[in-house]
Amino acid sequence: MTRPVRVRFAPSPTGSLHIGGARTAIYNWAFARRSGGTFILRIDDTDAERSTQENTGVILRSLRWLGLDWDEGPEIGGAYGPYFQAERAGLYHEALESLRASGHAYPCFCSAEELAAKREAARSRGGFSGYDRTCRALSAQEAADRIDAGAPHVWRIKVPVGRDDITFDDAIRGEIIFPADAMDDFVLARTDGSPTYNFATVVDDWKMEITHVIRGDDHLSNTPRQIVVFEALGAEVPRFAHLSMIWGADGKKLSKRHGATSVEAYRDGGILPEALLNYLALLGWSLDGETTIVSARTLTENFSMERISKNPAIFDLEKLEWMNGVYIREMSPRQLAERMMPWLAEAGLTAADDFQTRETWYLELAPLVSERVKRMTEIAPAVGFLFADEVTAEASAAAKAYADETAVSALAAASDALSGLDVWSTESVEAALRAVPESLGIKPKVLFQAVRVAVTGSLVSPPLFESLALLGREASVARLQAALALANG
RNA sequence: GGCCCGUUCGUCUAGCGGUUAGGACACCGCCCUCUCAAGGCGGAGAUCACGGGUUCGAAUCCCGUACGGGCUACCA
């Protein structure tokens, strides 16, 4: 009863890692780490049609990017492999063989059409609409004869007659009871001999000695079926924990129309892995109801299934973005500078290794953007003016900033003041610029906005004096001159 | 149709018989301020889906109802 904790995340490589799958993986991982257990990654690729190696690669990369590491699975192996279902066919055959031998499985020769007709009839009658067990009544001899004659057939589980209700204590939902008489003799192996999902997972969870199955809510109704198989196999039934779904803003299942649903889409959208991990962890789990910023470490040290909520959660992009901003602001200038380089390079502003050649410059730049961006993708547009040869202000911005006559003359004065500076620093630039409106008797803001547009090309930018300091005297003065030329016709 | 699950501010949640129902995002106002942010302070926002019980007392326990979701496949 006190087996060492072994949990697994078993995605189907039929697409990239979905946000809901990521959360399931996070909970499994956190639970394993918290309890000193083993986190296993298994690839459920029985669906050969839709499964691809490429998707498997994407899923592994996404998990790693999130900071999750597995103890057994693809790329690292383990004592319970293989970790791809496609490579475990032999195990499923063996398991089916043993069920056959012990009388827990029987062949069914009913055709798809027959089954569909029966189902429909049963449903219109009301009540139970599962398989009517026609073939279960066949004698062993007759069944064997028909198999020998080459009759196509599937193998079904023989749900024990007169069995008690199937109950289990879900770690999240508590006691769950399914009436045994509503249990279907579902299919274990298809006509082609391949195992169905409900059979393959049970065999795998059994063979891999999984102790806790933490998975999506959509499997809750599959659980009694799987329990029947565990029991028929003589295997210990693991503890189950069913997570509710993640929904889109409209309360419908999260799908493409709600925007990005894959982990890599958020990565590409400038979301930090620690922020996504934090957000997803809290979407259905709480540390204490108060804390919102939870590190991976805090998560693995405090995770508990008792604090997982039962109700479905709506994915709130705004909160994720806020959280991402928090993580950006928490970074030291050096961390931010290093991590923003790929994004600057991606935007074509500079080479990623430029950080090495101008470290100080980037260390001064980082704090300027840290508190005004929510996503890493917003950095390049915000600082692009520092990398451009020249800027052209948007017409509306120019119109607004240079509308005032005094602004233009102040611009000229500012240009003079700056070009005559001995020392070029944030402090000296600020002192020089503040002196101008004072002597001209105009509002500082009028000048500052005019300078901002002239130098950055926009009415909105990082702090002005710091920006000029980083831009350098030559470029700053040149931009002011260009703006003057423009404003004067 | 049958079976199962869910329901606390717009959203994520705290709460596990006695609270002015707490926090976070978003929203509004004020302060700070060279723009935008960030930050600080404050505000508004939940008759705890509804109806019955149990109890001195219920968001918390029980039963119904409604609404939403899942399963009911030789998908996973």
Side-chain angles (χ1 to χ4, degrees), chain A residues 10-12 14 44-47 49-51 108 112 115-116 119 122-131 152-156 170 172-173 176-179 181-184 186-198 200-201 216-225 242 244-245 247 249 251-253 279 282-293 306-307 309-323 325-326 329 369-374 382 401 430 433-434 437 443-449 451-453 456 458-465 467:
Chain A
S12 241
T14 53
D44 278 14
D45 56 354
T46 42
D47 188 343
E49 297 277 300
R50 299 187 298 149
S51 298
C108 171
L115 292 172
R119 191 159 41 237
R123 201 168 286 202
S124 63
R125 229 181 297 125
F128 181 71
S129 63
Y131 180 55
H153 60 281
V154 299
W155 287 87
R156 290 182 181 273
D170 192 280
I172 296 169
R173 284 149 211 280
I176 309 239
I177 304 170
F178 284 86
D181 57 17
M183 289 311 296
D184 198 9
F186 67 94
V187 174
L188 298 171
R190 305 183 183 102
T191 307
D192 66 3
S194 65
T196 57
Y197 163 77
N198 277 316
T201 28
D217 207 350
D218 45 342
H219 292 295
L220 189 60
S221 302
N222 282 324
T223 305
R225 285 183 254 282
H242 288 96
S244 55
M245 310 266 84
W247 287 347
K252 299 270 173 56
K253 200 171 158 184
Y279 179 73
L282 248 42
L283 197 63
W285 175 81
S286 62
L287 178 65
D288 54 16
E290 308 274 303
T291 314
T292 49
I293 300 303
E306 294 76 60
R307 296 197 67 87
S309 73
K310 295 193 257 283
N311 28 7
I314 290 175
F315 189 85
D316 183 3
L317 183 61
E318 275 185 301
K319 190 156 185 175
L320 203 213
E321 288 182 324
W322 163 79
M323 203 172 268
V326 171
R329 270 171 260 135
V369 294
S370 73
E371 60 192 31
R372 48 204 108 226
V373 298
K374 287 185 154 62
E430 174 163 9
L433 248 29
R434 283 199 189 280
K443 284 187 172 174
K445 198 166 170 175
V446 173
L447 170 66
F448 296 159
Q449 280 303 77
V451 174
R452 189 188 309 282
V453 170
T456 72
S458 166
L459 282 162
V460 175
S461 81
L464 191 56
F465 314 126
S467 294

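Excluded from the calculations below are hydrogen atoms, water molecules and symmetry mates; all remaining heavy atoms, backbone and side chain alike, are included. Every chain is numbered from 1, with letters handed out A, B, ... down the list of sequences.
Separating the NZ atom of A:Lys310 from the C1' atom of B:A14 is a distance of 14 Å, rounded to the nearest angstrom.
Across B:U19 and B:U8, the matching C1' atoms stand 14 Å from one another, rounded to whole Å. Taking the C1' atoms as reference points, B:G23 lies 14 Å from B:A46, given to the whole Å. On the C1' atoms, B:A44 is 10 Å away from B:G29, given to the nearest whole Å. Remark: the separation of the C1' atoms in B:A21 and B:C16 is 14 Å, to the nearest Å. With both ends at atom C1', the span from B:G51 to B:A59 equals 16 Å, rounded to whole Å. Look at the C1' atom in both B:C4 and B:G40: the space between them is 50 Å, to the nearest Å. Comparing B:A76 with B:U13, their P atoms sit 30 Å apart, to the nearest whole Å. Comparing the same atom, P, in B:C9 and in B:A49 gives a spacing of 7 Å after rounding to whole Å.
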Please list, for nucleotides 58-63 of chain B, all pairs of protein and nucleotide N/O atoms separated by less than 3.5 Å.
none

Report, one pair per line, the protein and nucleotides 65-72 of chain B atoms (nitrogen or oxygen only) whose separation is under 3.5 Å.
{"unit_1": "B:G70", "atom_1": "O2'", "unit_2": "A:Asp218", "atom_2": "O", "d": "3.2"}
{"unit_1": "B:G70", "atom_1": "N2", "unit_2": "A:Ser221", "atom_2": "OG", "d": "3.0"}
{"unit_1": "B:C71", "atom_1": "O2'", "unit_2": "A:Arg225", "atom_2": "NH2", "d": "2.2"}

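The phosphate of B:G39 (OP1 or OP2) has a side-chain N or O of A:Arg329 nearer than 4.0 angstrom. One finds a side-chain N or O of A:Ser309 lying less than 4.0 angstrom from the OP1 or OP2 phosphate oxygen of B:U13. Taking 4.0 angstrom as the limit, A:Ser286 places none of its side-chain polar atoms (N or O) nearer than this to OP1 or OP2 of B:C12. Under 4.0 angstrom from either OP1 or OP2 of B:G15 there lies at least one side-chain N or O belonging to A:Arg307.
Under 3.5 Å, the side chains of A:Asp192 and A:Ser194 contain a donor-acceptor pair of N or O atoms. In summary, the side chains of A:Thr223 and A:His242 do present a donor paired with an acceptor at a separation below 3.5 Å, with no hydrogens or angles considered.
When both pairing distances are held under 3.5 Å, B:A38 makes no Watson-Crick or G-U pair with any nucleotide shown. Pairing of B:A66, defined by two Watson-Crick or G-U wobble distances under 3.5 Å, is identified with B:U7. Pair assignment for B:A59 gives none, since no Watson-Crick or G-U wobble pairing has each distance under 3.5 Å. Under the Watson-Crick or G-U wobble criterion, with both distances below 3.5 Å, B:U20 has no partner in any strand shown.
Within the 4.0 angstrom heavy-atom criterion, no nucleotide atom of any strand lies near A:Thr201. Across all strands shown, A:Leu433 has no heavy atoms under 4.0 Å from either base or sugar-phosphate atoms.
Mapping A:Ile176 and A:Val326 onto RNA chain B via the closest heavy atom, the residue that lands nearer the 5' end is A:Ile176.
Side-chain atoms of A:Ser12 come within 3.5 Å of backbone N or O of A:Asp44 as a donor-acceptor pair. Under the 3.5 Å distance criterion, the side-chain polar atoms of A:Thr191 are left unmatched by any main-chain donor or acceptor of A:Pro152.
With salt bridges taken as basic N to acidic carboxylate O contacts below 4.0 Å, none links A:Asp170 and A:Lys310.
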For nucleotides 22-36 of chain B, 5' to 3', base contacts (B), sugar-phosphate-only contacts (S) and non-contacts (-) with protein non-hydrogen atoms under 4.0 Å give BBBSS-------BBB
